[in-house]
**Q** 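The following block contains the structure, expressed as structure tokens.
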Amino acid sequence: MLIFRVAIAALLVALCVSGASASQYAAMVMDARTGEVLHSRNADTRLHPASLTKMMTLYVAFQAVEGGEIGLDTRVKVSRNAAGEPPSKLGLRAGQRISVRHLIRATAVRSANDAATALGEAISGSEAAFIRRMTATARLMGMTKTNFKNAHGLTQSGHLSSARDMTILGRRLLYDFPEYYNLFSRPTADAGVARVRNTNRRLLSSYRGADGIKTGYTRASGFSLVASARRDNVRIIATVFGGKTAARRDRRVAELLEMGFQRAPRSASVAALPPIFAVGPDGNRILARNTPGLRPRHRPASILDRYVVGALGDELDDASDATKLAAASGETGEAGLVMAEGDTDADVTPPELPTVLTTVVIERPRPAPNRIVEDYRSARVVSQRQDPSNRNWRAVVGHHANWHAAEKRLMTTVLRWSGSFVRARRTVELVNEKGRQRYQARFDGLSESEAKDFCTLLRAQNEFCEPIGPPV
């Protein structure tokens, strides 16, 4: 009996030690505009990301919708595998049909595990293929500590990430898909079969300027959160892994966001991010179908820019069955993983733009980055980039009453024509325009021909653009 008691005590101690290491605290604070790290602690330690995983699930989903691989209103059939995922879940049934739009909402707002798996299977054909695409996309982003084993984030051997990697991913969601970002701040959303509530609603409602990204919780990970907030011209992203409770995690994130706003400069240009390209099933190419009706109608095609592929890198293992943990959040009273944040689903559909491209296959090597493409639907080269010493021209694309509108104009332009701005700097500056103070949205660091050619292109699309040369 004594031996039995000693063995039980040793086992309990081992479990406590294991649990403590699994939910190790890690944090990072970043100036979202520049990518500058303002604070970090254990930021490169590989930890369980829990439902922060769904940020990559959603990133790939947005990428697939943008590339015409799948449509927001495409109705997909729920597999037995997806329907069988443990809570938190939407309650999908095997054989049921549901739109991609509603799966995205359930994944982002409710953090539903069944919706995340169904979304991945719909895009890549199988969960294993989607997981490989998630990890390959992470590698292309520079997320060196991340390896995914599932689309939802429940604890599984080898499914790991870091605070730094998840901060990078949060920044990518914000700037690569700005028109989708509103989903993460919605308090509730219609997920088709039910109206779901945002799992991050406490921080969103209590912290000034907070507008999203994602929460997560499992027993192995503790309470985690990637949060973004904007005040005036400053945007901060803060990440916490391993919180002891949801309330303590939220308080710590709020403290980190405050630290970020204190340390970040009031004025800074948004550093241009290189595009992340979709990874095809063979790791070498992707078939990008730009069929009318598949893409949100207010986004013109930019297939040749978005969907050029790099190598997969190391061979990735298929996801294997493993123990999946689901736990109840005592603080929220809701069963399942704590998830959350929001921002997406393009419900607005301005006038339809003409679709010229029907099918295009793009293989390695990636086109040289020293070209400007006038129209991605015809891929006609306008000009070659010139000597960097002559890159002192600007392309002004708008004057706006507030900083937010100017930033949105820049990001919308980048989404449409990002190939033209591989090395351009996105800048918002308060200027005096005809006696009125306005926020100027512009791209800096262009050559004369680049600025003029790009403005010619935008004007042909009935959009404002003014090339401005260097000061005399």
Side-chain angles (χ1 to χ4, degrees), residues 17-60 131-132 134-150 153-176 213-229 235-244 248-249 252-260 263-264 271 273-274 276 310-317 341:
V17 171
S18 175
S21 61
S23 59
Q24 178 178 347
Y25 175 82
M28 174 163 278
V29 182
M30 177 182 287
D31 184 333
R33 302 164 299 175
T34 63
E36 180 185 0
V37 175
L38 305 174
H39 168 78
S40 67
R41 180 176 172 184
N42 300 324
D44 294 309
T45 302
R46 302 188 78 196
L47 301 170
H48 298 287
S51 280
L52 300 185
T53 299
K54 294 184 176 78
M55 292 195 298
M56 182 59 81
T57 303
L58 291 164
Y59 186 96
V60 174
I131 293 163
R132 288 195 296 271
M134 290 171 67
T135 301
T137 303
R139 302 268 178 89
L140 293 173
M141 287 184 184
M143 297 170 60
T144 60
K145 304 295 183 181
T146 296
N147 193 61
F148 294 112
K149 291 291 184 177
N150 57 60
L154 291 171
T155 304
Q156 189 168 340
S157 177
H159 186 92
L160 298 168
S161 188
S162 68
R164 185 185 304 277
D165 282 5
M166 283 296 157
T167 306
I168 291 171
L169 177 54
R171 184 172 182 240
R172 277 286 182 178
L173 272 173
L174 171 66
Y175 288 112
D176 287 358
I213 304 183
K214 191 77 189 68
T215 66
Y217 169 77
T218 63
R219 290 171 183 167
S221 71
F223 293 85
S224 303
L225 173 61
V226 178
S228 178
R235 179 175 284 280
I236 301 297
I237 297 176
T239 298
V240 164
F241 273 61
K244 299 303 181 184
R248 289 172 65 179
R249 173 204 63 196
R252 182 54 180 156
V253 167
E255 292 170 357
L256 292 174
L257 288 171
E258 286 295 324
M259 177 194 300
R263 294 183 179 182
L273 290 166
I276 297 298
L312 266 172
D314 298 336
E315 187 67 25
L316 305 175
D317 296 329
E341 271 152 31

**Q** With salt bridge (charged side-chain N to carboxylate O under 4.0 Å, His left out) as the rule and sequence neighbours excluded, what pairs involving residues 154-165 come up?
**A** D44-R164

**Q** Kindly compute the distance separating CZ (R139) from OG1 (T144), expressed to the nearest 0.5 Å.
**A** 9.5 Å

**Q** Once rounded to the nearest 0.5 Å, what's the spacing between atom CE of M28 and atom OG of S40?
**A** 4.5 Å

**Q** Do T135 side-chain atoms and F148 backbone N/O form a donor-acceptor pair below 3.5 Å?
**A** yes

**Q** Nearest 0.5 Å, please: how far is CG in L173 from CE in M166?
**A** 10.0 Å

**Q** Distance-only, no hydrogens or angles: does the T53 side chain make a donor-acceptor pair with backbone N or O of A50 under 3.5 Å?
**A** yes

**Q** Mark yes or no for whether N42, through its side chain, and T45, through its backbone, hold a donor-acceptor pair below 3.5 Å.
**A** no

**Q** How close do I131 and N150 get, counting heavy atoms only, and between which atoms?
**A** CD1-CA, 3.6 Å

**Q** Looking only at heavy atoms, which two atoms of A264 and R33 are closest? And how far apart?
**A** CB-NH2, 3.9 Å

**Q** Which residues satisfy the side chain to side chain contact (heavy atoms under 4.5 Å, CB included) test with A254, sequence neighbours excluded?
**A** Y207

**Q** Could you tell me which residues satisfy side-chain hydrogen bond (donor to acceptor under 3.5 Å, both in side chains) with R252, sequence neighbours excluded, listed by chain and number?
**A** Y25, E255

**Q** Do any N or O atoms from the side chain of S221 and from the backbone of Y217 form a donor-acceptor pair under 3.5 angstrom?
**A** no

**Q** Say whether, by atom type as modelled, one donor and one acceptor occur between the side chain of H48 and the main chain of T155 under 3.5 angstrom.
**A** no

**Q** Show, in sequence, the C-alpha distance, side-chain angles and deciding distance for T57 and K54, and conclude whether the side-chain hydrogen bond (donor to acceptor under 3.5 Å, both in side chains) test is met.
**A** CA-CA 5 Å; T57 303; K54 294 184 176 78; over 6 Å; no

**Q** From L47 CG over to S161 OG, what is the distance, rounded to the nearest 0.5 angstrom?
**A** 8.5 Å

**Q** Hey, what do you get for CZ (R46) to NZ (K145), rounding to the nearest 0.5 Å?
**A** 7.5 Å

**Q** Side chain of R263, backbone of L38: donor and acceptor closer than 3.5 Å?
**A** yes

**Q** Please report the interatomic distance OG1(T239) to CZ(R41), rounded to the nearest 0.5 Å.
**A** 15.0 Å

**Q** Can you sort out the partners of R171 under salt bridge (charged side-chain N to carboxylate O under 4.0 Å, His left out), two or more places apart, ordered by chain and number?
**A** none

**Q** Taking all non-hydrogen atoms of both residues into account, name the closest pair between A138 and T146 and its distance.
**A** CB-CG2, 4.2 Å

**Q** Testing the basics here: between S224 and L52, what is the closest heavy-atom pair and its distance to 0.1 Å?
**A** CB-CD1, 3.9 Å

**Q** So, using salt bridge (charged side-chain N to carboxylate O under 4.0 Å, His left out) as the criterion, who are the partners of E36 when residues are at least two apart?
**A** none

